[in-house]
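Structure, as structure tokens:
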Amino acid sequence: MEAFRFDEPQYAVRDLDGRDAMLDFAPMRWVGFPRPRVQTMADCVYDAYSDEYSIDSIRRDTILNTDSDELTDARRFEWYRFLSSHSNDLMAACVTLWSEEVTESNADKRNELYAVDCLAFVNRNRPMPQALADDTLALLERPYLSLAAVERLVLRGALRDGSNCELYYPQLFSGRWIPFPEYP
């Protein structure tokens with residue numbers, strides 16, 4: 001493909017009547033940086049201190065002083081319950097409080113409370129061929145980081161709409177470890 005410049009006459013942008021189009025843009029207004037795909041603690045603190053959410057000052061200060069890397073699974077679950085009672089936007093902004101990036105230390109974790117439901121789904125999900133059920137059960141046991149992209153895709157497909165499989169193996173569906181030690 002040959003390169004072209006808009007200021008060359010044969011490449012002019014024309015309107016429906018054949019006249020050169022006037023490219024006039026309204027002045028741009030800066031609205032700030034776009035939010036990252038995965039929110040940071042700074043986003044959570046900013047949103048917690050905004051007037052948009054009705055969070056008491058003690059909880060706001062707790063968010064400000066929390067090191068999300070030091071949270072236990074039980075504490076993450078407490079944050080999940082608290083934040084889910086507010087708004088989806090605040091829940092998204094504070095994702096680092098109730099979940100964590102997949103690492104070697106949590107890649108093999110599962111929410112065992114949901115194991116029976118998920119495994120029963122795989123075993124009873126017919127017309128799933130027995131070979132696929134066997135492979136699915138074997139892949140469920142492997143740590144998330146050991147799965148190739150195609151294995152993740154196949155496993156997600158086999159478990160999609162599965163009874164609590166997203167809660168049992170959240171890394172597979174969200175790319176994050178989300179602890180559910182009890183029913184949310």
Side-chain angles (χ1 to χ4, degrees), residues 33-49 53 55 59-60 62-125 128 131-184:
F33 292 103
R35 291 216 172 211
R37 205 177 94 208
V38 175
Q39 307 293 309
T40 65
M41 272 303 290
D43 298 310
C44 180
V45 169
Y46 178 82
D47 283 6
Y49 278 91
Y53 308 105
I55 298 177
R59 192 72 68 156
R60 289 176 177 176
T62 302
I63 290 171
L64 175 67
N65 295 311
T66 296
D67 181 355
S68 62
D69 293 332
E70 300 296 321
L71 292 172
T72 64
D73 284 352
R75 295 289 296 164
R76 285 188 189 285
F77 184 67
E78 289 175 23
W79 278 114
Y80 173 86
R81 286 204 298 205
F82 171 75
L83 293 166
S84 65
S85 69
H86 282 75
S87 87
N88 287 337
D89 291 339
L90 184 61
M91 185 92 169
C94 295
V95 68
T96 57
L97 287 178
W98 55 269
S99 70
E100 61 184 318
E101 291 182 42
V102 178
T103 63
E104 290 290 335
S105 65
N106 64 26
D108 61 344
K109 285 185 175 182
R110 303 289 183 273
N111 290 307
E112 295 301 328
L113 184 62
Y114 301 96
V116 172
D117 290 346
C118 184
L119 298 177
F121 169 77
V122 172
N123 286 320
R124 75 172 180 269
N125 189 11
M128 182 187 291
L132 179 57
D134 293 343
D135 289 346
T136 300
L137 291 171
L139 289 173
L140 274 171
E141 297 301 317
R142 297 210 359 230
Y144 178 76
L145 294 176
S146 75
L147 297 172
V150 71
E151 291 172 320
R152 292 175 188 168
L153 180 67
V154 167
L155 191 53
R156 271 192 297 270
L159 299 177
R160 185 130 348 259
D161 302 323
S163 180
N164 289 323
C165 290
E166 291 96 353
L167 297 174
Y168 173 63
Y169 196 168
Q171 302 95 317
L172 185 65
F173 295 92
S174 67
R176 298 183 66 83
W177 165 242
I178 305 169
F180 288 108
E182 56 186 86
Y183 290 102

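Just so it is clear, the model here is predicted, and its values are computed rather than measured.
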Can you tell me how far [atom2] of [Y] sits from [atom1] of [X], rounded to the nearest 0.5 angstrom?
| X | Y | atom1 | atom2 | answer |
| --- | --- | --- | --- | --- |
| L167 | F173 | CG | CZ | 9.5 Å |
| R124 | L119 | CZ | CG | 10.5 Å |
| Y114 | S163 | OH | OG | 10.5 Å |
| D89 | Q39 | CG | CD | 9.5 Å |
| R176 | W98 | CZ | CH2 | 7.5 Å |
| L140 | Y168 | CG | OH | 6.0 Å |

Side chain of [X], backbone of [Y]: donor and acceptor closer than 3.5 Å?
| X | Y | value |
| --- | --- | --- |
| R60 | I55 | yes |
| N164 | V116 | no |
| D117 | C165 | no |

Evaluation steps, side chain to side chain contact (heavy atoms under 4.5 Å, CB included), between T62 and W79: CA-CA 11 Å; T62 302; W79 278 114; 3.9 Å; yes
How far apart are the closest heavy atoms of [X] and [Y], and which atoms are they?
| X | Y | value |
| --- | --- | --- |
| T66 | L71 | CG2-CD2, 3.9 Å |
| R76 | S68 | NH2-O, 2.6 Å |
| F121 | A158 | CE2-O, 3.5 Å |
| H86 | L90 | CB-CD2, 4.1 Å |
| D47 | A93 | OD2-CB, 3.1 Å |
| S99 | I178 | CB-CG1, 3.7 Å |

M41/L97 under side chain to side chain contact (heavy atoms under 4.5 Å, CB included): CA gap, chis, key distance, verdict: CA-CA 8 Å; M41 272 303 290; L97 287 178; 3.8 Å; yes
Check against side chain to side chain contact (heavy atoms under 4.5 Å, CB included), L83 and Y80: CA-CA 5 Å; L83 293 166; Y80 173 86; over 6 Å; no
Counting heavy atoms not belonging to [X], are there more than 12 under 6.0 Å from its [atom1]?
| X | atom1 | answer |
| --- | --- | --- |
| E101 | CD | no |
| E104 | CD | no |
| N65 | CG | yes |

CA sep, side-chain torsions, deciding dist, call: T96, D43, side chain to side chain contact (heavy atoms under 4.5 Å, CB included): CA-CA 10 Å; T96 57; D43 298 310; over 6 Å; no
Under the side-chain contact (heavy atoms from CB on, under 4.5 Å) test, which residues partner [X], sequence neighbours left out?
| X | answer |
| --- | --- |
| Q171 | V102, K109, R110, Y144, Y169, W177 |
| D67 | D69, E70 |
| L139 | R142, L147, E151, L155 |

Taking side chain to side chain donor-acceptor pair (under 3.5 Å) as the test, write out the residues that go with [X], two or more places apart.
| X | value |
| --- | --- |
| Y49 | D61 |
| T103 | S105 |
| E182 | R81 |

F77/Y183 aromatic ring centres below 6.0 Å: no
Heavy-atom side-chain contact between L159 and C118 under 4.5 Å: yes
